[in-house]
Participant: 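Pasting a structure here, questions to come.
Below, chains carry the letters A, B, ... as their sequence lines are ordered, and counting in each starts from 1.
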Amino acid sequence: MPKEATTKRGKTGKVEKRKGKKDPNAPKRGLSAYMFFANEQRENVREENPGISFGQVGKILGERWKALNDKQRGPYEAKAATDKKRYEDEKAAYQVGLST
DNA sequence: GCAGTGATTGTTAGG
DNA sequence: CCTAACAATCACTGC
């Protein structure tokens with residue numbers, strides 16, 4: 001079941017910006033393909049839709065994201081994977097400080 | 001060995 | 001300052 005549409009926020013509806021800190025270094029994870037995709041589309045989308053609020057851009061961005069083909073998401077996923085590696089570094093260092 | 005869980009990431013916009 | 005839809009993620013953890 002926990003395989004719904006990935007649109008599951010917490011419980012009350014909060015997803016990001018959690019203040020509760022549980023890890024000492026909190027290695028945070030890497031970004032996601034959408035983050036990189038948005039980084040480029042944000043300029044393009046907002047250009048085609050000047051004056052629109054986030055509600056529009058946000059949704060449009062999401063639609064365009066999937067509108068791309070798997071190969072188009074490739075470069076984005078690639079960045080996501082690269083960023084993930086970046087996180088791996090923190091995680092590694094973060095673990096080192098834990099395993100003592 | 002398996003399962004799901006939570007935490008996080010970035011955009012824009014406005015009160 | 002923060003949240004909200006939009007999407008992916010995916011490493012970590014517990015028995």
Participant: Out of C:dC6, C:dA7, B:dA13, which nucleotide sits closest to the side chain of A:K59?
Facilitator: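 For A:K59, the side-chain atoms sit closest to C:dC6.
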
Participant: To the side chain of A:W65, which of C:dT9, C:dA7, B:dT11 is closest?
Facilitator: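 From the listed options, C:dA7 comes nearest.
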
Participant: Please state how far atom CE in A:M35 lies from atom P in C:dA7, giving the value in whole angstrom units.
Facilitator: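 Taking CE of A:M35 and P of C:dA7, I get 11 Å after rounding.
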
Participant: What is the separation between atom CD on A:Q41 and atom P on B:dT9, rounded to the nearest whole Å?
Facilitator: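 It works out to 22 Å between those atoms.
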
Participant: Could you tell me the separation between the OH atom of A:Y76 and the C1' atom of B:dT9, rounded to a whole number of Å?
Facilitator: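 After rounding, the gap between these two atoms is 17 Å.
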
Participant: Given atom CG of A:L68 and atom P of C:dA7, what is their separation to the nearest angstrom?
Facilitator: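 So the two atoms are 12 Å apart, to the nearest Å.
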
Participant: For A:I52 and B:dA13, give me the distance from atom CD1 to atom P, rounded to whole Å.
Facilitator: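 Atom CD1 in A:I52 sits about 8 Å away from atom P in B:dA13.
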
Participant: Between C1' on C:dA7 and CD on A:E40, what's the gap in Å once rounded to a whole number?
Facilitator: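 Answer to the nearest Å: 16 Å.
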
Participant: How many angstroms lie between OH in A:Y76 and CG in A:D83, if you round to the nearest 0.5 Å?
Facilitator: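 A:Y76 OH to A:D83 CG: 15.5 Å, rounded to 0.5 Å.
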
Participant: Find which nucleotide of DNA chain C each of A:S32 and A:K84 is nearest to by heavy atoms, and output the residue with the more 5' nucleotide.
Facilitator: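 Its nearest nucleotide lies further toward 5', so the answer is A:S32.
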
Participant: For the pair made of CZ in A:R42 and P in B:dA13, what is the distance, rounded to whole Å?
Facilitator: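 After rounding, the gap between these two atoms is 11 Å.
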
Participant: In residues 58-72 of chain A, what donor-acceptor pairs under 3.5 Å come from side-chain atoms, sequence neighbours left out?
Facilitator:
residue, atom, partner, partner atom, Å
A:R64, NH2, A:E48, OE1, 3.4
A:N69, ND2, A:Q72, OE1, 3.4

Participant: Once you round it to whole Å, what is the distance between P of B:dG10 and CD of A:E77?
Facilitator: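 In whole Å, B:dG10 P lies 18 Å from A:E77 CD.
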
Participant: Hey, any chance A:M35 and A:V45 share a hydrophobic cluster, counting ILVMFWY side chains that come within less than 4.5 Å of each other, even indirectly?
Facilitator: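 Linked within one cluster.
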
Participant: Base, sugar-phosphate, or nothing for A:G58, non-hydrogen atoms under 4.0 angstrom?
Facilitator: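 It contacts sugar-phosphate atoms only.
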
Participant: Map A:L31 and A:I60 onto DNA chain C by nearest heavy atom, then report which one ends up closer to the 5' terminus.
Facilitator: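 By nearest-heavy-atom nucleotide position, the 5'-most residue is A:I60.
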
Participant: Hey, what do you get for CD (A:E88) to CZ (A:R29), rounding to the nearest 0.5 Å?
Facilitator: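 Output value for this atom pair is 11.0 Å.
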
Participant: Is the distance from OP1 or OP2 of C:dC12 to the nearest side-chain N or O of A:R29 less than 4.0 Å?
Facilitator: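 Negative; the distance criterion is not met.
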
Participant: I'd like to check the side-chain contact (heavy atoms from CB on, under 4.5 Å) partners of A:N39; sequence neighbours left out, ordered by chain and number.
Facilitator: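 Only A:R42 meet the side-chain contact (heavy atoms from CB on, under 4.5 Å) criterion with A:N39.
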
Participant: With rounding to the nearest 0.5 angstrom, report the OG to CD distance, A:S32 to A:E77.
Facilitator: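 A:S32 atom OG to A:E77 atom CD measures 9.5 Å (nearest 0.5 Å).
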
Participant: Note the angle between the end axes of the helix from B:dG1-C:dC15 to B:dG15-C:dC1, five pairs defining each, rounded to 10 degrees.
Facilitator: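 Inter-axis angle at the ends, rounded: 60°.
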
Participant: Can a salt bridge be assigned to the pair A:D89 and A:R86 using a cut-off of 4.0 Å between side-chain N and carboxylate O?
Facilitator: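 Yes, A:D89 and A:R86 are salt-bridged.
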
